[in-house]
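Input: a single structure, listed below in structure tokens.
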There are 2 protein chains.
Amino acid sequence: MPLLVANAKALGFDLLEIAVEDPDAFDVERLRQAGESAGIGFTVCGAIGPDRDLSHEDPEIRANALAYIERCVEIAAALGAPHFVGPLYSAVGKTRMLEPHEREAQRTLAVEGLKRAAEHAAKHDVSLGVEPLNRFETDLVNTAEQVLELVDRVDSDHVGVLLDTFHMNIDEKSIGDAIRLVGDQLLQVHTCENDRGTPGTGHFPWGDLFEALKDIGFQGPLVIESFTPGIEEIAKAVSLWRPLDAEPDELARNGAAFLRSALTPPIAA
Amino acid sequence: MPLLVANAKALGFDLLEIAVEDPDAFDVERLRQAGESAGIGFTVCGAIGPDRDLSHEDPEIRANALAYIERCVEIAAALGAPHFVGPLYSAVGKTRMLEPHEREAQRTLAVEGLKRAAEHAAKHDVSLGVEPLNRFETDLVNTAEQVLELVDRVDSDHVGVLLDTFHMNIDEKSIGDAIRLVGDQLLQVHTCENDRGTPGTGHFPWGDLFEALKDIGFQGPLVIESFTPGIEEIAKAVSLWRPLDAEPDELARNGAAFLRSALTPPIAA
């Protein structure tokens, strides 16, 4: 774990995002110390599977989702991470043909759960960053407009928005307009190329993104979120059927350099 | 049916693409006559569901797929359509975590089926346009490079490639490079915006597309392929959970005008 953290620093990062699949699988205090030694901060990201679904009809699954989110908030607080982020409203990959009122009822369940999660987050001084996913990964919240509607209903100082370039590339008409619409509710940005490879190697309109981030005076973290086809569960979860353009370390190093070079002065990377 | 065909002309099109869900559901000769009266040509597109899967392990499903493709080729020929197009190698929406050799075995089944389909297509002087889909809709052929590999193995003068802007936006690093790579094997282009809305209203890099089409001297049809969230089966099949930017006729009219204005001299629309 100390090696992983030190490597993030060496590759050009100020922050390391920890995706929490199993909250019991790692030693939080040891991770915090490793960050302190390496001069690396943290953010925390959720792994929202079918049994952690805040908009599910089954109250047990909703309770399990809330318990998971609360646990992750505590991990974030213990790591000094400002944000716990992810598609907190639903399980990833759940898409169904629903009547509009059915989808609305699911969003209402998510809002209720997020209100309770927000109280816990406020106690720990952590903010929740709610992330739209593209249409193939959720039918509930695909756009900046939709996530703002959800977050406005939660109405908490400790709940904001995360936008991800991969999802925006599919579901937003304009990258810049999406960023400006979210404005000061934008907590964090996930970056990767249109094909989920190294930022800067494809046709994602990076210029529009950076211009809009400057327009809103964004000071939050830009995190590279990519995946490895080498781990089967991850490859399946994100539909990664062929190698990315680079091995993980190379992708991270080149991506960080690209993001830093595009931002003057750098925001973070 | 005559009304639909005349409407396509009125909206600014030279060609109407017929998606064949059920080959027995319409009167081909009546459609041909309607096209002749309206001065509209045709292309034909496949609806490739789970029982029409040329790379399936089950020989009955493969035989059913081949029979369907052959039937559609005959419909295309009867309509005077130059192409029968679609993701002819697999059912739409089939994504699985496979070992590389398993995926290769599936592609080999598709190549065998396409060779037989190509013989039938050659007899009827119709060409098959094989279309990559994005990673969420198939795990077999996501890119121009992958479809060329497949088509090269089929090795028929009557088999080429269709590229679709929606899928390219997700899976190609460079739109222009993808078009130039396919070159004179490109039979047809499906166009829609990055969010499947009206061409020209989002951030798809249209300039790159048009420049590359000029580079390769493309003379084939540009077809607007969009969908309506008003039909449940279609909405579910293409993950359309919210209204598009315009009603179908308005989308078609504005999209055709955009494509024509961008091409001087116009290729087709």
Proximal component of B:D208, with respect to chain A [non-hydrogen, under 4.5 Å]: neither
Interface moiety of B:F166 toward chain A, non-hydrogen atoms closer than 4.5 Å: side chain
Flag side-chain contact, heavy atom, 4.5 Å: B:L140 against A:W241: no
Test item: B:R242 and A:T143 side chains (from C-beta on) under 4.5 Å apart, heavy atoms: yes
Residue B:E145 versus chain A: region with a heavy atom under 4.5 Å: neither
Residue A:D177 versus chain B: region with a heavy atom under 4.5 Å: neither
Most chain B-contacting option - heavy-atom pairs closer than 4.5 Å, from A:E137, A:E193, A:E233: A:E137
A:H203 side chain vs B:G176 backbone, donor-acceptor pair below 3.5 Å: no
B:K173 to A:T201 - nearest heavy-atom pair and separation: NZ-OG1, 2.8 Å
Side-chain heavy-atom pair A:I170, B:I170 within 4.5 angstrom cut-off: yes
Over 12 non-hydrogen atoms of neighbours within 6.0 angstrom of CD in B:E102: yes
Residues A:D171 and B:R196 bridged, charged N to O under 4.0 Å: no
Enclosure of B:D58 CG (heavy-atom neighbours >12, cutoff 6.0 Å): yes
CD/A:E104: more than 12 non-hydrogen atoms of other groups inside 6.0 Å: yes
A:D22 CG: over 12 foreign heavy atoms closer than 6.0 Å: yes
Among B:D139, B:L98, B:T95, side-chain contact (heavy atoms from CB on, under 4.5 Å) partner for A:K236: B:T95
Any donor-acceptor pair under 3.5 Å from A:R135 side chain to B:D195 backbone: yes
Atom of B:F136, atom of A:N134 and distance for their closest heavy-atom approach: CZ-ND2, 3.7 Å
OG on A:S239 to CE on B:M97, rounded to 0.5 Å: 10.0 Å
Neighbour count >12 (heavy atoms, 6.0 Å) for atom CD, B:E57: yes
